> 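Questions regarding the structure given below will be posed in turn.
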Amino acid sequence: MKVLQSSFAQGFIKMANDGYMQGWHERNGGNLSYRIKEAEIASVAEDISFHDKYMPIGTTVPGLAGEFFMVTGSGKFFGNCSMDPENCCGIIQVDDSGEQYRTVWGLKNGGRPTSELPTHLMNHEVKKEATGGAHRVIYHCHATNLIALTFVLPLEDEVFTRELWESATECPVVFPAGVGVVEWMVPGGREIAVATSKLMRIYDVAVWAHHGMFCSGETFDLTFGLAHTVEKAAEILVKVRSMTSKKQQTITPADFRKLAVDFGVKLDERFLY
Ligand code: 13P
Ligand code: ZN
């Protein structure tokens with residue numbers, strides 16, 4: 001089978017387009033990666049070529065040795081992924097040391113994987129271990145309202161989690177572990193990758209101050225749905241704060257504890273101050 005006929009590639013391209021339609025991917029903003037299953041890469045073997053040379057990842061991910069990933073390309077526009085997937089996206093393989101990658105499909109005309117490859121791969125490594133291999137999707141988007149909140153809320157996990165949970169009843173059910181916050185850092189390198197992957201050990205969502213968010217999930221739908229839920233809550237909070245500095249009423253810590261019992265989720269008391 002050709003890569004573009006596979007359901008994983010089609011799911012990848014659909015998600016990129018869905019994010020673009022939300023307005024979270026101006027120009028080349030955002031990036032997406034998917035840890036491909038063994039059976040999936042075997043099914044597209046006819047389309048894979050091992051002639052490219054290895055390049056440094058910029059960090060070390062021994063837990064991903066030999067694994068294949070579908071990734072968006074650096075400088076590529078999400079809005080073009082569906083029209084021109086072989087230029088905008090690619091498949092890479094990590095070498096046995098976890099220090100290098102090679103392109104085995106796509107990224108035509110000298111394209112390179114996203115500049116956030118260190119963060120994507122370090123998040124994948126952490127999540128693969130933490131979820132027994134269940135999580136396969138890492139998504140970075142420039143979600144407008146969440147970014148706006150990073151200018152007005154303290155950059156603390158407890159505050160962001162609680163404020164987002166209060167903004168929509170479904171939030172503590174969709175992300176019961178909460179969200180982590182990374183202070184402003186230079187993007188594209190190992191340092192921000194280390195800080196983000198440390199948070200990804202605990203959370204499925206990491207907010208990048210004045211930049212965007214990273215989400216992790218099992219499937220394209222669940223990961224996109226997570227980002228969508230976070231951004232929707234952020235939008236509600238921006239509207240509330242635009243109307244008033246004081247909420248007339250809200251969901252209380254006692255309400256969250258009741259919700260946790262009925263929905264069978266564990267909510268850390270750290271967020272129920
Ligand atoms: P890339 O085009 O290299 O993926 O960078 C986009 C981005 O959002 C950087 O954080
Ligand atoms: Zn970005």
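Just so you know, ligand 1 is whichever comes first in the structure, and atom 1 is the first atom listed for that ligand. Counting begins at 1 with the first residue of the sequence. These values consider heavy atoms only, across backbone and side chains, with no hydrogens, waters or symmetry-generated copies. Everything numeric in this text was worked out from a predicted model, so none of it was measured.
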> Flag yes if more than 12 heavy atoms outside Lys239 fall under 6.0 Å of its NZ atom; otherwise flag no.
no
> List every atom of ligand 1 that sits less than 4.0 Å from any heavy atom of His211, numbering the atoms from 1 in the order shown and giving each element.
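In order of numbering, the contacting atoms are 10 (O).
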> Is the gap between the ring centers of Trp208 and His142 under 6.0 Å?
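Distance test on ring centres: not under 6.0 Å, no.
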> Does any N or O of ligand 1 fall below 3.5 Å from an N or O anywhere on Lys76, backbone included?
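No - when backbone and side-chain N and O of Lys76 are compared with those of ligand 1, no distance drops under 3.5 Å.
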> Centres of the Trp24 and Phe224 rings: under 6.0 Å?
yes
> Where the side chain of Glu125 meets the backbone of Gly63, is there a donor-acceptor pair that is under 3.5 Å apart?
yes
> Pull out every atom of ligand 1 sitting under 4.0 Å from any heavy atom of Gly30, numbered as shown with elements.
4 (O), 6 (C), 7 (C), 8 (O)
> Would you call the rings of Tyr34 and Phe8 parallel, tilted or perpendicular if under 30° counts as parallel and over 60° as perpendicular?
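Answer is parallel, since the angle falls under 30°.
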> Is the Phe271 ring parallel, tilted or perpendicular to the Tyr203 ring (thresholds 30°, 60°)?
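Because their plane-to-plane angle lies in the 30° to 60° range, the rings of Phe271 and Tyr203 count as tilted.
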> As an exercise, identify every atom of ligand 1 less than 4.0 angstrom from a heavy atom of His142.
8 (O)
> In terms of atom number and element, which parts of ligand 1 are under 4.0 angstrom from non-hydrogen atoms of Gly75?
1 (P), 2 (O), 3 (O)
> Using distance alone, determine whether Ser74 and ligand 1 share an N or O pair under 3.5 Å.
yes
> Hey, looking at atom 1 (P) of ligand 1, which of Pro187, Pro113, Ser115 has the closest heavy atom?
Ser115
> Can you tell me if, anywhere in Cys141, an N/O/S atom lies at a distance from the Zn ion (ligand 2) that is smaller than 2.8 Å?
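For Cys141, the answer is no, given that no N, O or S atom comes within less than 2.8 Å of the Zn ion (ligand 2).
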> Are Arg190 and Thr59 linked by a side-chain donor-acceptor pair shorter than 3.5 Å?
yes
> Would His25 and Tyr139 count as a close aromatic pair, with their ring centres under 6.0 Å?
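Judged by ring-centre distance (under 6.0 Å), His25 and Tyr139 do meet the cut-off.
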> By number and element, which atoms of ligand 1 are closer than 4.0 Å to a non-hydrogen atom of His140?
8 (O), 10 (O)
> For ligand 1, which atoms have a heavy atom of Glu116 less than 4.0 angstrom away?
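Numbered from 1, ligand 1 contributes 9 (C), 10 (O).
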> Atom 4 (O) of ligand 1: which of Leu32, Asn28, Val71, Thr114 has the nearest heavy atom?
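Residue with the shortest heavy-atom distance to the ligand atom: Thr114.
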> Anything under 30° is parallel, anything over 60° is perpendicular, the rest tilted; go ahead and classify His140 against Phe214.
parallel
> At what distance is the nearest protein heavy atom to atom 7 (C) of ligand 1, and which residue and atom is it?
Asn31 ND2, 3.4 Å
> Can you tell me the angle formed at the Zn ion (ligand 2) by NE2 of His142 and NE2 of His140, to 10°?
100°
